[in-house]
Amino acid sequence: MGKPRRIQKVFQSNPVIDGAGVRLNRVFGFTETPILDPFLLLDDFRSAIPDHYIRGFPWHPHRGIETITYMLDGSVEHGDSMGNKGIVSSGDVQWMTAGSGIIHQEMPKGDENGKMGGFQLWANLPAADKMMKPRYQDVSSNQIPQVILKNGVTINVICGEVQGTKGPVSDIVIDPEYLDIQVPAHQSFVHPTKTGDTVFAYIIDGQGYFPPLLHPPSPDWKQDPAIQTIGNGTLVLFEKGTELTVSTDEHPMRFLLISGRPLHETIAWRGPIVMNTQEELEQAFLEFQNGNFIK
Ligand code: CO
């Protein structure tokens, strides 16, 4: 028998200003690290107001982490100090392993209507891999397989596996899954998860219900105090377990399902650099000042 994952905690994303004055919604960050391990931060930068995002994220360093950018609308122009350049467009993913260090800038652009939107997730690297060689896995939308289940549930598999279909991002230390899932009205979706992994869902459209929901639901299930509707801009973190169930009522729902293996290591975090010890952190900032940050 599987052990269904129940809700551990629900977060609402909150407006913050970052970069050179970008208004975005932060879903989780520094204070949530103990329960989100191996994930460090999730930003939701969907906006239809160019003034909110156009100043972007000028040159800044990263070390010790991975940044994962998934675009829905508009694009982000990316460039790094080693001369790598690219555009992450609607539907594309950039999985960047900063490792020993990159210095880059990320400049958002709206579509023809000024709409821009996407998500940036930060995943931690274990001590043994913090100083690994930097690496990009750039995935264009047409490389992301889509699985359509019999009940109409549609899953874009960015990383991980759904019913034998594997996503294009591979060889990531924390063995993550990153799925973009659309559940039509009045349907359910069940997904197996590794027991000890950290698993969360971030709702990006519509609304739905998370466990415990019985199958089939009892006639008075909406009166059950354990049932809550979860909507756009909300994150659900789950307890440990072997499977996850999501259901909808008359509204469809779209959400990101993300999982990864916790590292259980100490964290020394300042701005865009995340190491294990304060000494390593100081070393990184000193190298950045002295111009020998890039290995
Ligand atoms: Co960055």
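The model shown is predicted, which means the values in this text are computed figures rather than measured ones. In listed order, ligands and their atoms are each counted from 1.
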Is the Phe189 ring parallel, tilted or perpendicular to the His191 ring (thresholds 30°, 60°)? parallel
Between the side chains of Thr193 and Arg5, does any donor sit under 3.5 Å from an acceptor? yes
Would you kindly say whether Glu279 and Gln283 are connected by a side-chain donor-acceptor distance under 3.5 Å? no
How are the rings of Phe210 and Phe238 set relative to one another: parallel (under 30°), tilted (30 to 60°) or perpendicular (over 60°)? tilted
Hey, are Ser75 and Ser89 close enough side-chain-wise for a donor-acceptor pair under 3.5 Å? no
Report the relative orientation of the aromatic rings in Phe200 and Phe28; use parallel for angles under 30°, tilted for 30 to 60°, perpendicular for over 60°. perpendicular
Pull up every protein N/O/S atom sitting under 2.8 Å from the Co ion (ligand 1), skipping waters. His60 NE2, His62 NE2, His104 NE2, Glu106 OE1
